[in-house]
There are 2 protein chains.
Amino acid sequence: MASDPKATRNPMTEIGLDVLEDTLSFYIRSLNMAVSRDLDQSLEGLDVARGTGKITTLLLVDRHPGIRPSVIAQMILKDRSAMGRLLEQMEEHGLLTREVSSDDNRAQALYITGKGRELADRIRPIITRQSRDFFSDITDEEHAMLIRVLGRTYRRVVGLEPNDEA
Amino acid sequence: MASDPKATRNPMTEIGLDVLEDTLSFYIRSLNMAVSRDLDQSLEGLDVARGTGKITTLLLVDRHPGIRPSVIAQMILKDRSAMGRLLEQMEEHGLLTREVSSDDNRAQALYITGKGRELADRIRPIITRQSRDFFSDITDEEHAMLIRVLGRTYRRVVGLEPNDEA
DNA sequence: GCCCATTAGTGGACTTATGCAACTATTATT
DNA sequence: AATAATAGTTGCATAAGTCCACTAATGGGC
């Protein structure tokens, strides 16, 4: 490494990250920025770009007609006010409608529109493709492992405990 | 699962995530929000909390005296303007100083202050601890694997190619 | 039926982050 | 000497996230 001429080319090659080098949160946070930017580019102009939550919301509403905002909010880790603003925006774009839930007059029931469904169908392949491309240096085995482990953590964090809990 | 009484308790238990369930970027983005919030709490009041980059910057400057802003910017995935604002903030807080580089009068050389070093020493254990606690349901083997795979991707993204590249 | 705690959603204000583009100063190229 | 490239700064516009208070509706206990 010391004899590699390329090592002196990029100053970063030699730069240690201190304790961050072994800190998972660091990589999650850093890769988040990178992957989110890349995703925004892949979705450019599709009024589901920018920010977190629109994609998940669209797909959840498509797949679960009548789903309630608070349920989505929990899954995308937003508070109710942020969720409300998101829905307001998406409703303005004509992607979904908000009706009063028949079960509970406080709650809303969300339904996708034709335009929303079209968009959902359109972005599904883009999303999966983008993730695979971005993490292209990861093998299939590693990928499966990451999904399994991170998915487990996600479910725990979001309150969908796979383990014991009252 | 269908017979589990708990399944009906939390409405989310039954909710599928569509294609996101197998999409790595989704988990990275979601966990980022969760782990960042948790980290902010762990660092509350330590004027290195909130936002990305301050921690990395502090540790890099501590470990690499005279390092240049543009190098850090590349590693924390910020553009120069964002980096400048970050440094301005940290300088105001008395964590580091900015001097003109002796090599290149355009560039700056960053040095940590006594206060900065104290803070660095103080947060190092907090950061590693927080990450481990947050991902407490991950085994040591899984953790090593994640660090290895995500670290590789991080290095590629950041321009520190571990593979062939001109 | 009546109180009280809880939950769902809304709205406002505040702080931050992000992105882009223009600008100066310095260095490298040729 | 002229031109291009790089380092950093500044301003601005857009958007996100955070907090807190507020209304409306539900549910439980009495």
Side-chain angles (χ1 to χ4, degrees), chain A residues 9-11 29-30 32-41 44 47-57 66-74 76-93 96-110 159, chain B residues 9-12 29-30 32-41 43-44 47-54 57 66-74 76-93 96-110 159:
Chain A
R9 186 101 134 276
N10 188 338
R29 282 156 57 90
S30 299
N32 167 66
M33 298 187 68
V35 79
S36 293
R37 265 180 228 166
D38 188 65
L39 181 60
D40 280 344
Q41 286 196 328
E44 199 174 333
D47 72 38
V48 85
R50 304 260 155 211
T52 341
K54 296 197 211 50
I55 297 170
T56 309
T57 300
I67 193 172
R68 288 152 49 149
S70 56
V71 174
I72 301 178
Q74 197 180 349
I76 64 177
L77 299 165
K78 285 194 190 289
D79 67 352
R80 289 192 307 278
S81 63
M83 189 72 230
R85 281 183 253 269
L86 200 64
L87 291 172
E88 187 183 334
Q89 193 186 138
M90 295 180 73
E91 194 177 30
E92 279 175 10
H93 285 288
L96 50 81
T97 60
R98 292 191 272 187
E99 303 179 7
V100 175
S101 170
S102 52
D103 300 9
D104 186 337
N105 285 323
R106 296 173 294 185
Q108 298 175 345
L110 304 175
Chain B
R9 185 101 135 277
N10 188 339
M12 221 177 343
R29 281 156 57 89
S30 299
N32 167 65
M33 298 187 66
V35 79
S36 293
R37 263 179 228 165
D38 190 63
L39 181 59
D40 280 344
Q41 286 196 326
L43 296 173
E44 200 175 332
D47 70 40
V48 87
R50 302 260 155 211
T52 341
K54 296 197 211 50
T57 300
I67 193 172
R68 287 152 50 149
S70 57
V71 174
I72 301 177
Q74 197 180 349
I76 65 177
L77 299 166
K78 286 195 189 287
D79 67 351
R80 290 193 306 279
S81 63
M83 188 73 231
R85 281 182 253 267
L86 200 64
L87 291 172
E88 187 185 333
Q89 193 187 136
M90 294 180 74
E91 195 178 28
E92 279 174 9
H93 285 290
L96 51 81
T97 60
R98 291 192 273 188
E99 303 179 9
V100 176
S101 170
S102 50
D103 300 9
D104 187 336
N105 284 322
R106 295 173 292 187
Q108 297 174 345
L110 304 176

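The figures here come from the full heavy-atom set of this structure, side chains too, leaving out hydrogens, waters and symmetry mates. Here is the naming used below: chain letters follow the sequence lines, and residue numbers restart at 1 for every chain.
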Whole angstroms only, please: what is the [atom1]-[atom2] distance between [X] and [N]?
{"X": "A:Asp40", "N": "D:dA16", "atom1": "CG", "atom2": "P", "answer": "9 Å"}
{"X": "A:Glu88", "N": "C:dT10", "atom1": "CD", "atom2": "C1'", "answer": "9 Å"}
{"X": "A:Asn105", "N": "C:dG9", "atom1": "CG", "atom2": "C1'", "answer": "13 Å"}
{"X": "A:Met33", "N": "C:dT16", "atom1": "CE", "atom2": "C1'", "answer": "13 Å"}
{"X": "B:Asp79", "N": "D:dA13", "atom1": "CG", "atom2": "P", "answer": "18 Å"}
{"X": "A:Met83", "N": "C:dG11", "atom1": "CE", "atom2": "C1'", "answer": "17 Å"}
{"X": "A:Lys78", "N": "D:dA15", "atom1": "NZ", "atom2": "C1'", "answer": "11 Å"}
{"X": "A:Gln108", "N": "D:dT23", "atom1": "CD", "atom2": "P", "answer": "19 Å"}

Are the side chains of [Y] and [X] in contact, using a 4.5 Å heavy-atom criterion?
{"X": "A:Val100", "Y": "A:Gln108", "answer": "no"}
{"X": "B:Thr52", "Y": "B:Ile76", "answer": "no"}
{"X": "B:Leu110", "Y": "B:Ile72", "answer": "yes"}

Hey, is the side chain of [X] poking within less than 4.0 Å of OP1 or OP2 on [N], counting only N and O atoms?
{"X": "B:Gln89", "N": "C:dT16", "result": "no"}
{"X": "A:Arg50", "N": "C:dA17", "result": "no"}
{"X": "B:Arg68", "N": "D:dA7", "result": "yes"}
{"X": "B:Arg106", "N": "D:dA5", "result": "no"}
{"X": "A:Ser70", "N": "C:dA8", "result": "yes"}

| request: Counting heavy atoms from C-beta on, name the nucleotide in C:dT27, D:dC19, D:dT9 closest to the side chain of B:Asp104. | output: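 The answer is C:dT27.
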
| task | Tell me what B:Ala107 touches on the nucleic acid: a base, only sugar-phosphate, or nothing, going by heavy atoms under 4.0 Å. | result |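 Sugar-phosphate contact only.
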
| request: Map B:Arg85 and A:Ser81 onto DNA chain D by nearest heavy atom, then report which one ends up closer to the 5' terminus. | output: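 On the 5' side of the pair lies B:Arg85.
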
| When you match A:Gly84 and B:Thr52 each to their closest nucleotide on DNA chain C, which lands nearer the 5' end? |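 Its nearest nucleotide lies further toward 5', so the answer is A:Gly84.
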
| message | Testing the basics here: between B:Ser36 and A:Arg29, what is the closest heavy-atom pair and its distance to 0.1 Å? | response |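 Heavy-atom minimum between the residues: OG-NH1, 2.9 Å.
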
| Quick one: does A:Arg37 reach the base of C:dG19 with a side-chain donor-acceptor pair under 3.5 Å? |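 Side chain to base: no pair present.
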
| request: Kindly say whether, by distance alone, the side chain of B:Arg80 makes a donor-acceptor pair under 3.5 Å with the base of D:dG8? | output: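 Side chain to base: pair present.
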
| task | Run the numbers on A:Glu92 and A:Glu88 for side-chain contact (heavy atoms from CB on, under 4.5 Å), then give the verdict. | result | CA-CA 6 Å; A:Glu92 279 175 10; A:Glu88 187 183 334; 4.0 Å; yes

